[in-house]
Amino acid sequence: MIKTNFHTHTFRCGHAVGDEQEIVQAAIAANISKLGFSDHVPLPNFRGFLLKGLHSVALSPRGLKTLASNFIFNGPGMRMDYASRTIHQDNVRQLKENHAHQIEIFQGYEAEYFEGYLDYYQELLDNDVDYLILGNHFNSYNSTSCYYGKEKVNDQELYSYCDDVIKALETNLFSYLAHPDLFMIGKVVFDDVAREITYDICKKAKELNIPLEINGGGIRRGKREVLGRYEYPYPSSHFFAIAGEVGNDIILGIDAHAPDELNHGIYEEMLEFASRFDLNIVTEFEFRKGQR
Ligand SMILES: [Zn+2]
Ligand SMILES: [Zn+2]
């Protein structure tokens, strides 16, 4: 099986290290034959949008704390600056040419389902990028937005996660769904609601023929004890047992946030995890181009 990775970040998102050149060199050393850059998508006017919703936040100390942390977490340090977009894409284009004899390089971004930015995503696909992957981290992009990977998620947030994913997949803008089981960080125990949304997500992805990702970022977090068993927060064994049953295509994504993560045995650990289930592993996928 060839080794590919379409989930790669650069220092430009503010919480990863390594520039485009260092990443390409690490990917070549790791025997990766196809490499996709998928940094957290730069968004025009994002800071201004983040301030929206301020009026709806109760001005209690707790409300202010949540607001401040959302602003910091969802804002600076979460995604590439819009101004860096051109230089990043130029660098990737240059590396693609220079290393064409060694590795195939693609330009992508990892993006949330933000309704106000879907036209912008379409423009990116029309003009600048090969593909987008859906990383459904946040339910919106203002100061009250909810991070779906937080320590505790309630049922209402789980249903909203599922709704966002399904609406996003239906746009045809996203070529695969990254860490579909991100919500298990805060859900911890795979209960009836988790099962229900897992079936909904897997069935929709199957219907539209969109791969789901086993994510290396969750493996790097290490295992934790849940009801007497040691498990990764994600990839979730419960989630992928259902994906196997539904018959989804599964892709491995290292979700590298540093060049050396491309070659730290994460790929092999993902394969090992995958081998516990009856999964249809794919190493490539159709680049979807939206046009809703
Ligand atoms: Zn990241
Ligand atoms: Zn990512």
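None of the values given here were measured: they were computed from a predicted structure. All ligand and atom numbering here is 1-based and tracks the order in the structure. FYI, side chains are in, hydrogens and waters are out, and symmetry mates aren't considered; it's all heavy atoms of this structure.
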Is atom CG of D90 surrounded by more than 12 heavy atoms (other residues, nucleotides or ligands) closer than 6.0 Å?
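Count over threshold, so yes.
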Within a radius below 2.8 Å of the Zn ion (ligand 1), how many protein N, O or S atoms are present?
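N, O or S atoms of the protein closer than 2.8 Å: 3.
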So does K187 pair up with E151, basic N to acidic O under 4.0 Å?
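No, K187 and E151 are not salt-bridged.
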Is the closest basic N to carboxylate O distance between K223 and E231 below 4.0 Å?
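A salt bridge is absent here (no side-chain N lies under 4.0 Å from a carboxylate O).
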Considering only N, O or S atoms of H7, the one closest to the Zn ion (ligand 2):
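That would be atom NE2.
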Rest of the hydrophobic cluster containing V17 (Ile/Leu/Val/Met/Phe/Trp/Tyr, side-chain heavy atoms under 4.5 Å)?
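Reading the cluster by chain and number, V17 sits alone, since nothing else belongs.
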Hydrophobic cluster of I2, others only, ordered by chain and residue number, side-chain cut-off 4.5 Å:
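When side chains under 4.5 Å apart are linked, I2 ends up in no cluster with other residues.
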Using the test side chain to side chain donor-acceptor pair (under 3.5 Å), find all partners of E123 that sit at least two apart in sequence or belong to another chain.
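Testing E123 for side chain to side chain donor-acceptor pair (under 3.5 Å), a comparison that skips the adjacent residues, returns none.
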